[in-house]
*Asks:* 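Structure provided below as structure tokens; questions to follow.
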Amino acid sequence: MTTTATPPMLSLDEALQRLLDGTEALAHPERDTENVATADALGRVLAEDVRSTLDVPPHDNTSMDGYALRVADVPVAGSVLPVAQRIAAGQVGATLEAGTAARIFTGAPLPTGADAVVMQEQCEALDGARVRVNTVPAPGAWIRRRGEDVREGAVVLARGTRLSPQALGLAASVGIARLAVVRRPRVALFSTGDELVMPGEPLRPGAIYNSNRYTLVGLLRAAGCEVSDLGIVPDRLDATREALRRAAAGHDLILTSGGVSVGEEDHLRPAVQAEGRLELWQIAIKPGKPLAFGAVRQPDGGEALYIGLPGNPVSSFVTFLLCVRPVLQALQGMPATPPAALSLRAAFDWPKPDKRREFLRARRDAQGDLELFANQSSGVLTSAVWAEGVIDNPPGRAIARGDTVRFIPFAELLA
Ligand code: AMP
Ligand code: MG
């Protein structure tokens, strides 16, 4: 089984299609829903459409402090009307008699009969009981109409939406106290590599600190997952198989970093083949390249998805954003949304492009043009922190200063 044949080279789009097809065939956490308090639902993904059972606002109301009146009663600027009532927010006034005005405050329901509001800055209170109106109002002025925000029966939030703070506010505005959300995908994570040491431990000769664990736990949590962090697994076949068995139980997805090349110390391929099934791909992107995809048998007869990321810190970061994020969206029932890219000007030259599609770490300068991090090596994690996103550069395309390039902000990829 441990053939060292070169894995097939796939384009990113082909790899994504295969990942999404494999995910669709296997794991469906989005079919399990949980009912959570609206206040606790930030970042969760809606399992059902949220429909409003009411109009918002529920009544016509004023958007200004001022006077509610009938336009017909103000034929000319300077007309004087008796003030017949006072309506504060939360109160309901009486019907407005013709020829009178109502003192009214922002948010208060418009009294029946009124057809405009004049803001107080354009009025003069005369003797406490009358008002001079110094403008001729247009019909409907400063009135917020019933239902102008939300109509009764309307879907205000669609299933598959990741709940932002403002989405929680919108749900609350239609009186929804609890929301049906998708169960978080359960992801088991481990790193491979005998050279890896955890921060807090001394760095013995030949060792490096395990950075991927931190990056990947953060990425998974940001994507809405429940993470079981299984730590570092030694570069041995039996240990790797054992870790896979443990990781498969109770998880939708097993994610690993490192050990997926075809080197002698790369045990993930034979281990996954022994515990399930595996495809190893070379994705024609830089950084990135090796990616393993498959499934590992679970004790109950099911299978957990398996994705093996490359070990180089920038490669694992970028391949996560490009390949794992769409899988996690699918697992949560979110629509597949390719990240929105910006067209920006290059403030640099890139005369020797790779023949693979490159994702160059870049950020905007003060003019809004893109500058490139000097060292684009897949081991230089500083680039991923310095940068604001990646330039998606087609295979073999040289970039000259002033060219327009496709820039994908990390914010797009982390949302
Ligand atoms: P591998 O894919 O296992 O051949 O690893 C490729 C490179 O990434 C090697 O230089 C590893 O030392 C490095 N690497 C692998 N895993 C990690 C990790 N968890 N944190 C930091 N670097 C890693
Ligand atoms: Mg390794």
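Quick note: residue numbers are just sequence positions, from 1. Counting starts at 1 for both ligands and their atoms, in listed order.
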*Asks:* Can you see whether F320 has R325 sitting over its ring - NZ or CZ less than 6.0 Å from the centre and within 45° of the normal?
*Replies:*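 No; the conditions do not both hold, so R325 does not lie above the ring face of F320.
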
*Asks:* Using distance alone, decide if ligand 1 has a nitrogen or oxygen within less than 3.5 Å of any nitrogen or oxygen in R213.
*Replies:* no

*Asks:* Tell me which protein heavy atom sits closest to atom 19 (N) of ligand 1, plus the residue, atom name and distance to 0.1 Å.
*Replies:*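 For atom 19 (N) of ligand 1, the nearest protein heavy atom comes out as N210 OD1, 2.7 Å.
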
*Asks:* Answer with yes or no whether the side chains of H251 and S228 bring together a donor and an acceptor at under 3.5 Å.
*Replies:*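 Yes, side-chain donor-acceptor contact under 3.5 Å.
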
*Asks:* Has S377 got a side-chain atom pairing as donor or acceptor with G379's backbone, closer than 3.5 angstrom?
*Replies:*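 Judged by distance alone, yes, a pair lies under 3.5 Å.
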
*Asks:* Please identify which atoms of ligand 1 are closer than 4.0 Å to at least one heavy atom of S257.
*Replies:*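 Contacts of ligand 1 toward S257, numbered from 1: 19 (N).
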
*Asks:* For atom 22 (N) of ligand 1, what's the nearest protein heavy-atom neighbour? Residue, atom name and distance, please.
*Replies:*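 For atom 22 (N) of ligand 1, the nearest protein heavy atom is I208 CD1, 3.4 Å.
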
*Asks:* Is the closest heavy atom of G193 to ligand 1 under 4.0 Å?
*Replies:* no

*Asks:* Among all protein heavy atoms, pick the one closest to atom 21 (C) of ligand 1 and tell me residue, atom and distance.
*Replies:* S211 OG, 3.3 Å

*Asks:* Give the residue, atom name and distance (to 0.1 Å) of the protein heavy atom nearest atom 14 (N) of ligand 1.
*Replies:*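 Among all protein heavy atoms, the one nearest atom 14 (N) of ligand 1 is G311 O, 3.2 Å.
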
*Asks:* Considering only heavy atoms of Y209, which atoms of ligand 1 have at least one such atom less than 4.0 Å away?
*Replies:* 20 (N), 21 (C)

*Asks:* Can a donor-acceptor pair be found, under 3.5 Å and without considering hydrogens, that links the side chain of D40 to the backbone of A37?
*Replies:* no

*Asks:* So, the side chain of E412 versus the backbone of P409: is there a donor-acceptor pair under 3.5 Å, distance only?
*Replies:*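 A pair under 3.5 Å: no.
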
*Asks:* For G259, take its heavy atoms, then give the atoms of ligand 1 lying under 4.0 Å from any of them.
*Replies:* 1 (P), 2 (O), 3 (O)

*Asks:* Distance-only, no hydrogens or angles: does the N210 side chain make a donor-acceptor pair with backbone N or O of M198 under 3.5 Å?
*Replies:*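 Answer holds: no.
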
*Asks:* Taking atom 4 (O) of ligand 1 as the point of reference, which of L309, D266, N312 owns the nearest heavy atom?
*Replies:* D266

*Asks:* Keeping R162 on the side-chain end and A223 on the backbone end, is there a donor-acceptor pair under 3.5 Å?
*Replies:* yes

*Asks:* Which one of N212, D194, V260, L268 has a non-hydrogen atom at the shortest distance from atom 18 (C) of ligand 1?
*Replies:* N212

*Asks:* Under 3.5 Å, is there a donor-acceptor pair between the R361 and Q376 side chains?
*Replies:* yes

*Asks:* When you look for heavy atoms under 4.0 Å from ligand 1, do you find them on the side chain of E195, its backbone, both, or neither?
*Replies:*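 Looking at E195 and ligand 1, just side chain atoms fall under 4.0 Å.
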
